[in-house]
Amino acid sequence: MHNNNKELTLSAPLSGPVLTLAKVPDPVFASGAMGDGIAIDPLNDTLHAPCAGVVVHVARTGHAVTLRADNGAELLLHLGLDTVELQGEGFSMLVKEGARVANGQPLLRYDLDKVAQQCKSLVSLMILTNSQDFQARPITLKSVKVGDPLLHIVRRLASGVPVEVDLSGAEVHGHIRIAHRGGLHARPAALIRQTAQGFKSKSQLHFAGKSASCDSLIGIMSLAVGEQEEVQVSSQGPDAEAALQALLTALSTALAQDSHTAAPAPIAQRNRPAEAGVLHGVCAAPGLVAGPLFRLNAISLPVDAGSHDPAQQLQALDTALSVVRSEIDHTLTQARKHKNTDEEAIFAAHLALLEDPALLDAAAHSIDQGSAATHAWSQSIDVQCEVLQQLGSPLLAERANDLRDLKQRVLRALLGETWHYDIPPGAIVAAHELTPSDLLQLSQHGVAGLCMAAGGATSHVAILARGKGLPCLVALGSTLLDQVQAQAVVLDADGGRLELTPSTERLAEVQQAQLDHQQRRAQQQAKAHTPALTLDGLHVEVAANVASSAEAADALANGADGVGLLRTEFLFVDRNTAPDEQEQRLAYQSVLDAMGDKSVIIRTIDVGGDKQLDYLPLPAEANPVLGLRGIRLAQVRPELLDQQLRALLHVSPLSRCRILLPMVTEVDELLHIRQRLDALCTELELTQRPELGVMIEVPAAALLAEQLAEHADFLSIGTNDLSQYTLAMDRDHAGLASRVDALHPALLRLIAQTCAGAAVHNRWVGVCGALASDPLATPVLIGLGVSELSVSPVQIGEIKDRVRHLDASECRRISQGLLKLSSASAVRHACHQHWPLS
Ligand code: PEP
Ligand code: MG
């Protein structure tokens, strides 16, 4: 076996199925309190030495022996559980303390039947008792025979970090309860890793006798820390105290997407009577659709002939990894641009997994041993998947799917294959388990629904399916994969049922329901290009929120009356150098060009708070949401704003360009920008001035709407921030997500006051926050005096349709009453009563 001063590969001491410690039915071993290691449920009757070494201890009762390997690793080999109680009966020790043994040498023979009958379990352990100095990584978790490679032992460097790291200063410690829903699974683990990487110090998490470096996502996940469990954190290095504090905060702050994307309650599967021709599963995304079943297969590799050139294979793996890395980077950029936080968090975790030392080291090790890059990568992922699956946490078991995603993507890159399935639009895709990147591809192919043999309702793919509105069932069982390709099925995701042999009537009924839905949408779309007037003739402009010219074109095609908000901070997110004036001008002009003759509201850059740009690093702030964000940038980087205003003044025609200022709290901020605009217009010899509007997104601005409206051409209410600042609740706080509701009567009062203030100066008021896209809120906003709604491009037809069914004077009358209600839920309830949704 491979052996040097640091590393050691241990061979299997017994034959039988392999288990991780977490699966061992003994709390002390399972918790890792005795050290890292592995277990085997033995099928043979002799325990063999897993490596050469010295016998340092033999149990008096002959059921256990400890070896010291030549690299110093100490290994306890323990046969069965609670076997000490047999008092030596049935065991014969074949070696003595102090003896030197060879790798594979028999150490202990036992009476398999007798011991099996009398002890709690035959599950036997190989424990690394000096785990503080060494780390154990399983090579396989399948069945092994004596002598098969089983565990890779690596010496930990001081604190488990490379020697070149500066470990000056004392080690600092802290402990904290985990706030993340479901514990430390992939996304929180990625956040922890990212936090740790912001510091020079090295940090570790410690839980139930096990430790993991904060550099390893898999290491962190493998600790299997549950929600509300307490972990210890240690940091060492020049900025240890800061690193520790940042990690404690990251561990105790739940992720936003864990709450607002909460899975629908799983349908109880047990005790459900079997129905002929129906597979039962768990609803991961609701909906009812019919279509042909399309079976999707994963890549399977041929047997590896072995003896490849390691240098070549390593190079191939490296290239494939960088291809996948840049693909994921692209997905991330898009997600950030579209403010799709779910997608962003999921693929950020994938990116971190792709760099995980546990995966890369294992793959490199196999390549060193002569494996092909494909097999090495595949095997290293499989081992980690099994580790995650054996941890006993369903949530972590589902994270194995993220690893499988990376397995497939890297294999595809290695094999030079592209994703090429000829899937008929409207198909219902069946697979063992779909991965997040499969899902993104499938949704572009126009599939109708998804079903999986495995998977869970909290998997990343389920989150994405809900986001895309694709009905999805998981955990249908392997029978799903035996179904005939192209058979017509009904996917009733709400009911947790996949109907394999629907009658023609049933198929017709579901198709009708789908058609009705599509028809309603088509009707809305058909009228999306005409202005939206209420029943009593009030025109409400329905514009779109966009982040690029491509989205603007999409918005125009969907019937947008204009762009109500272009978030310029997202135009250049994928770069790390600042765009110059010319680049900015071209970007703004292309949005204007994409909108035909419609007007475009361009908001000046809104960085700070929750929005960070790589090319515009701002000083760290104790409380960034209350710091130098939005228009306050003018205070610290006036030249940046000047540059943006110049670029804006160069677009044509200027009459279609309106400028919007974010986070205004005082009239002076507006006056200052007005003066700058005037000065620049004079300098550029422009006779025309673009309209200048103010965002109403802090309570101060709403309360001063009248004074602001005196100097502004229009007001646009940002309900996202207005909720945050009015309710004093972080807009991204998971625990508060359901309470950050812009229909809160306090916000309605601020909206009413904004409209009243604007009316004094004959200014119009729009809403560009998320509330504008909520059809339940449409009548209230109209009733309070809003005349422009800027919504997400796909919802234009729906919101226009909603406007057309409302009577503005009735909206006004009823909305006044809503201001007197005492909670957001009371407002929602009243809205449902007065203006039911179709
Ligand atoms: C808002 O705050 O409602 C808004 C539209 O701006 P953003 O979401 O970009 O902060
Ligand atoms: Mg805002």
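Remember, it's 1-based here, ligands and their atoms both numbered in the order they're listed. All values derive from a computational prediction rather than experimental measurement.
Contact check on Asp801 versus Lys527 returns no salt bridge, with no Lys/Arg side-chain nitrogen under 4.0 Å from an Asp/Glu carboxylate oxygen. A salt bridge between Asp713 and Arg763 is absent, with no side-chain N of the basic residue lying under 4.0 Å from a carboxylate O of the acidic one.
Contact annotation: for Leu565 versus ligand 1, heavy atoms closer than 4.0 Å belong to the side chain alone. Residue Gln724 does not touch ligand 1, judged by heavy-atom distances below 4.0 Å.
Annotation for ligand 1: atoms under 4.0 Å from non-hydrogen atoms of Arg567 are 4 (C), 5 (C), 6 (O), 7 (P), 8 (O), 9 (O). Here is the list of ligand 1 atoms found below 4.0 Å of a heavy atom in Cys768: 5 (C).
A salt bridge (Lys or Arg N to Asp or Glu O under 4.0 Å) with Arg336 holds for exactly one of Glu344, Glu569, Glu343; it is Glu344.
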Mind listing the side-chain donor-acceptor pairs of residues 770-777 below 3.5 Å, one per line with the distance, residues two or more places apart or on another chain?
from   : atom 1 : to     : atom 2 : distance (Å)
Ser773 : OG     : Ser792 : N      : 3.3
Asp774 : OD1    : Leu776 : N      : 3.0
Asp774 : OD2    : Arg828 : NH1    : 3.1
Asp774 : OD2    : Arg828 : NH2    : 3.1

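Checked against a 3.5 angstrom limit, the closest N/O atoms of Glu569 and ligand 1 fall outside it.
By the neighbour-count criterion of 12 heavy atoms within 6.0 Å, atom NE2 of His539 is densely surrounded, having more than that number from other residues, nucleotides or ligands.
The Mg ion (ligand 2) lies closest to atom OE1 when only the N/O/S atoms of Glu697 are considered. The atom of Asp721 that is an N, O or S and sits closest to the Mg ion (ligand 2) is OD2.
Residues meeting the side chain to side chain donor-acceptor pair (under 3.5 Å) test with Arg749, sequence neighbours left out: none.
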